[in-house]
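Reckoned from all heavy atoms, side chains included, excluding hydrogens, waters and symmetry mates. All of these numbers come straight from a predicted model, not from anything done at the bench. The sequence lines fix the lettering, A, B, ..., with proteins before strands; numbering per chain opens at 1.
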Amino acid sequence: MSDTSVKFGSPAKVPAWVNLVLVPLVNLLAAFLLSGVVILIIGDNPLQAMEVLIYGAFGYEEALGYTLYYTTNFIFTGLAVAIAFHCGLFNIGAEGQAMIGGLGVGLVALYLDVLPFALVVPIAILAAALFGGFWAAVPAYLQAKRGSHIVITTIMFNFIAASVLTYLLVEVLIAPGGQSPESREFAEHTWLPFFHNFLPLPETPLNISFIFALLLCVGFYYLMWHTRWGYEIRVTGQNETAAKYAGISPARNIILAMIISGALAGFVGVNEILGVHHRLILEFTGGFGFVGIAVALMGRNHPVGIFLAALLFGALYQGGSELAFEMKNINREMVIVIQGLIILFSGALEHMFRPTIENFFKKRSSSAAVEA
Amino acid sequence: MIKKLKLVAAAAALLAVTGVAKAEDFKPAIIFDMGGKFDKSFNEAGYNGAEAFKKETGIEYMEFEVTQVSQREQAMKRMARKDASIIVAMGFAQANAVEKAAKANPDKKFTIIDMVVDLPNVQSIIFKEHEGSFLVGMAAAMKSQTGKVGFIGGMDIPLIRKFALGYEEGAKYANKDVEVFQNMTGTTPAAWNDPTKGGELAKSQFDRGADVVFAAAGGTGTGVYQAAKDNGKFAIGVDSNQNYLHPGTMLTSMTKRVDVAVQEAFMSAKDGTWQPGIKVLGLKEEGVGFAVDEHNKDLITPEMTAKLEQARADIIAGKIKVTDYMSK
């Protein structure tokens with residue numbers, strides 16, 4: 001123990017691994033225990049359910065492919081929500097930004113498909129970022145310059161995004177002669193390569209967007225902790241007044257952080273539209289934007305944490321559908337209950353066990369210090 | 001679990017004296033779409049059909065409810081791997097998934113409801129909703145005292161506009177001066193289950209003078225029917241026979257026999273009479289129609305019945321052409 005920890009009045013140190021590993025694990029465990037009780041009540045074996053869930057998420061190659069495919073979406077939306085959090089903003093609009101990002105991808109793939117793969121894909125990715133970023137920029141501007149609360153405006157923008165997409169698909173982009181509101185299929189050369197195209201894997205929706213997502217995690221870390229932009233965003237988030245005093249413009253950083261946030265959310269469109277469905281459809285965002293909030297919370301707004309949390313939720317999505325498939329009593333509502341419990345414990349009730357655990361370690365470290 | 005299933009299957013096989021071996025081997029499967037199997041409407045009709053099949057034959061079926069777009073294809077492929085004898089996909093939204101899964105499993109049978117997938121191992125069952133809607137549109141116009149009738153759709157998609165157009169044409173056929181109000185509940189899938197907004201839309205149509213409203217809106221319809229009851233107006237149900245919901249103010253229901261379609265798909269696959277290709281169910285095939293039962297027989301006058309029956313015959317004979325929004 002160093003001298004600093006025994007100074008009178010200074011807070012006792014809690015080892016970092018307690019914060020980063022132990023507390024999340026305890027939360028997760030509590031969620032699983034409670035889910036087990038629920039499963040017991042409806043008359044199934046919780047241990048078997050757990051086995052099905054884990055095997056269904058990681059047990060075989062195809063399952064793993066689906067898990068990582070979901071993970072890809074959660075990384076995008078998790079990072080999107082996290083950068084807004086760093087700026088002190090609560091971006092609930094990742095869902096809508098993803099929709100509009102997907103629209104950008106779709107428009108490029110539909111109307112610029114004369115271009116070769118090497119051009120059309122980067123343009124589509126850029127379009128996802130531009131469209132998603134634009135969709136976040138409007139609420140950001142309203143927050144920064146007009147003081148309209150970003151939670152409200154981003155929620156409302158989700159509805160506007162859904163309406164815009166529906167209108168375009170029903171009236172304009174619908175495939176000629178088609179019945180459901182979807183565009184025509186994109187030309188094959190615009191599709192992102194699947195993993196099973198170049199690796200000996202079974203057919204899954206997992207495509208190279210996953211690698212893109214991992215690269216973005218690294219980029220996110222670099223941006224937030226190794227550039228002036230990231231620094232300014234974090235300072236704005238922690239104390240707007242201090243930021244102003246230091247010559248940092250809060251308005252500029254709010255808009256900047258939200259544009260990056262929207263762009264990150266827009267990449268869901270790259271994975272879903274260009275990677276998996278190969279046509280513009282409704283509902284492709286599937287709630288990923290909202291789950292992104294839980295991912296960012298659980299991942300403590302750090303790319304490593306976000307990756308792990310995204311993997312957890314990917315596993316829950318894939319393993320959850322396996323549960324609904326394999327066990328008769330567990331239907332999709334039941335799966336949502338389990339997912340909800342995990343979000344509840346790791347997000348909303350994050351601080352339930354924390355004080356107890358921290359006190360335990362504080363006592364230990366101070367008594368150790370006294371002995372020394 | 002699997003043991004339990006096997007027991008049930010074995011018991012069923014014993015009960016069904018005929019075809020003991022068949023009951024063991026035959027594994028039908030159904031995939032419900034996003035609405036969920038208890039949506040009081042389309043998916044539930046499919047569920048009822050599957051249940052009716054189970055009751056009749058004692059054969060268990062596999063099922064899955066989709067919550068994510070990508071799960072559709074995944075579920076179908078899993079069913080195929082589990083050696084399903086026939087896979088029924090509920091709803092137009094599953095078309096792409098059926099196409100991919102059917103191509104990947106050319107030896108498996110697929111049936112899709114409400115959409116056409118043109119493959120040698122796919123049976124496509126579609127309904128002439130516009131014909132049924134035409135008849136209830138006539139009924140609405142004949143019942144109306146004000147000469148104004150309403151239509152409330154669920155999500156604004158071509159399929160619902162097909163209902164709306166048939167309804168409008170039917171109403172105009174019965175009374176060429178009739179005024180038809182149209183509202184869609186929304187543009188997102190939430191519009192299928194928003195009874196509050198459905199009720200509000202119905203009330204606003206009543207305020208504009210309508211006295212009969214037709215809801216083709218899934219779960220949203222319950223709000224419309226309630227509003228009609230509260231305001232002493234008439235409402236028309238959809239898909240299933242919903243006359244029993246509010247006897248006295250439910251004028252009739254435009255029935256779409258999804259349940260029969262599902263049951264027949266299972267049955268024909270079991271008997272070996274299942275055929276790929278397009279099956280169109282209209283008035284002629286009794287795939288669509290309007291429901292008259294003990295709850296509404298006093299609301300439909302003999303004169304109305306006569307006219308409706310005449311129109312039904314004329315549509316079947318091709319004398320009345322109802323415009324299909326999809327092929328407009």
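When each of B/Glu65, B/Met34, B/Lys77, B/Arg161 is scored by its heavy-atom pairs under 4.5 Å with chain A, the top score falls to B/Glu65. Your options are A/Pro205, A/Gly287, A/Ser163, A/Ser321, and the one with the most heavy-atom pairs under 4.5 Å with chain B is A/Ser321. Comparing A/Phe159, A/Tyr167, A/Phe288 by heavy-atom pairs within less than 4.5 Å of chain B, the highest count is held by A/Phe288.
Residues B/Gln71 and A/Tyr70 share a closest heavy-atom pair of CG-OH, 3.6 Å.
One distance of note links CD of A/Glu203 with NZ of B/Lys100; it measures 8.5 Å at 0.5 Å rounding. Residue A/Asn331 holds its CG atom at 11.0 Å from OG1 of B/Thr67, rounded to the nearest 0.5 Å.
Proximity to chain A among residues 78-88 of chain B is limited to B/Arg78, B/Met79, B/Arg81, B/Lys82, judged by heavy-atom separations below 4.5 angstrom.
In the displayed structure, A/Glu51 atom CD is contacted under 6.0 Å by at most 12 heavy atoms of other residues, nucleotides or ligands.
For a residue to count as touching a neighbouring chain, one of its non-hydrogen atoms must lie under 4.5 Å from one of that chain's; by this rule A/Ile281 touches chain B with the side chain only. In this structure, no portion of A/Glu272 lies under 4.5 Å from any heavy atom of chain B.
For the residue pair B/Gln74 / A/Gln318, a side-chain donor-acceptor distance below 3.5 Å is found, with atom types taken as modelled.
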Would A/Phe284 and B/Ser70 count as a side chain to side chain contact (heavy atoms under 4.5 Å, CB included) if you check the C-alpha gap in whole Å, the side-chain angles of each, and the deciding distance to 0.1 Å? CA-CA 9 Å; A/Phe284 68 87; B/Ser70 56; over 6 Å; no
Residue pair A/Glu185, B/Asn96: steps toward the side chain to side chain donor-acceptor pair (under 3.5 Å) verdict: CA-CA 10 Å; A/Glu185 194 163 46; B/Asn96 291 323; over 6 Å; no
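Judged by distance alone, with hydrogens and angles left aside, the side-chain atoms of B/Gln68 form a donor-acceptor pair with the main-chain N or O of A/Gly286 at under 3.5 Å.
Side-chain contact check for A/Leu282 versus B/Met155: some heavy-atom pair is nearer than 4.5 Å.
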